[in-house]
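Beneath this line is the structure, given in structure tokens, with notes to follow.
Nothing here was measured: the structure is a model prediction, and the numbers come from that model.
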Amino acid sequence: MTTVVSFHDIVARHANERPDVVYVHSIDQHKGLTFGQLREVGDDLAVYLAEAGIDANDRVLLLAENSVEFHAVFVGVLRYGATIVTVNV
């Protein structure tokens, strides 16, 4: 039987096993995020979304350029359980 593993589950596993490994790095912006930092940002974003009245099953629109922050918000919204709708500019 096939087990379905979500993208968030894969990121969470890496954050637990390899928190200091770089998840994403931007050459242009000269910054990046490790899996551990990504987990922290995701946790913070989940608290923010809950306080803002967003339910876990709601849709969240992300309008942004490709960037380190884009990845952080993308993973954070998935971690919270909401559906992300992305629009790259």
Side-chain angles (χ1 to χ4, degrees):
M1 178 175 256
T2 304
T3 303
V4 176
V5 179
S6 70
F7 177 71
H8 162 68
D9 291 335
I10 293 168
V11 171
R13 186 180 72 225
H14 284 291
N16 289 333
E17 295 174 0
R18 304 173 197 86
D20 297 327
V21 171
V22 174
Y23 166 76
V24 64
H25 179 77
S26 171
I27 295 171
D28 296 342
Q29 297 174 339
H30 304 290
K31 59 183 168 181
L33 279 176
T34 65
F35 281 98
Q37 291 168 323
L38 192 63
R39 177 180 45 209
E40 291 175 20
V41 170
D43 290 346
D44 292 345
L45 184 60
V47 170
Y48 174 79
L49 292 172
E51 289 174 351
I54 305 296
D55 290 325
N57 293 319
D58 285 347
R59 292 180 194 95
V60 175
L61 176 67
L62 173 57
L63 175 66
E65 295 180 353
N66 285 333
S67 64
V68 171
E69 292 82 8
F70 175 90
H71 287 274
V73 173
F74 183 86
V75 172
V77 170
L78 293 179
R79 182 174 175 84
Y80 181 64
T83 299
I84 191 157
V85 179
T86 59
V87 179
N88 294 85
V89 293

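Counting all heavy atoms, side chain and backbone alike, Ala82 lies closest to Val60 at CB-CG2, 4.0 Å.
When the shell of 6.0 Å around CD1 of Ile10 is examined, it contains more than 12 heavy atoms from other residues, nucleotides or ligands. By the neighbour-count criterion of 12 heavy atoms within 6.0 Å, atom CD of Glu65 is sparsely surrounded, having that number or fewer from other residues, nucleotides or ligands.
Taking CZ of Phe74 as the reference point, atom CG of Asn66 lies at 11.0 Å (rounded to 0.5 Å). In this structure, CG on Asp9 lies 10.0 Å from CZ on Arg79, to the nearest 0.5 angstrom. To the nearest 0.5 Å, atoms CZ (Arg13) and CZ (Phe35) are separated by 9.5 Å. To the nearest 0.5 Å, the span separating CG on Asp44 from CG on Leu49 amounts to 11.0 Å. If you take CG on Leu63 and CZ on Phe70, they are separated by 10.0 Å, rounding to the nearest 0.5 Å. For the atom pair NE2 (His25) and CG (Leu33), the distance works out to 11.0 Å, reported to the nearest 0.5 Å.
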Criterion side chain to side chain contact (heavy atoms under 4.5 Å, CB included) on Val75 and Phe7, from CA distance to verdict = CA-CA 8 Å; Val75 172; Phe7 177 71; 3.8 Å; yes
Report the C-alpha distance between Glu69 and Val41 in whole Å, list the side-chain angles of each, state the deciding distance to 0.1 Å, and finish with yes or no for side chain to side chain contact (heavy atoms under 4.5 Å, CB included).
-> CA-CA 10 Å; Glu69 292 82 8; Val41 170; over 6 Å; no
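Grouping the Ile, Leu, Val, Met, Phe, Trp and Tyr side chains by contacts below 4.5 angstrom, directly or via other members, places Leu38 with Val21. Val85 and Leu62 are not part of a single hydrophobic cluster, where members link through side-chain heavy atoms under 4.5 Å apart.
Using a 4.5 Å heavy-atom threshold, the side chains of Arg39 and Asn16 count as touching.
Side-chain atoms of Thr34 come within 3.5 Å of backbone atoms of Pro19 as a donor-acceptor pair (strictly under, hydrogens ignored). Tyr23 contributes no side-chain N or O that, together with a main-chain N or O of His71, makes up a donor-acceptor pair within less than 3.5 Å.
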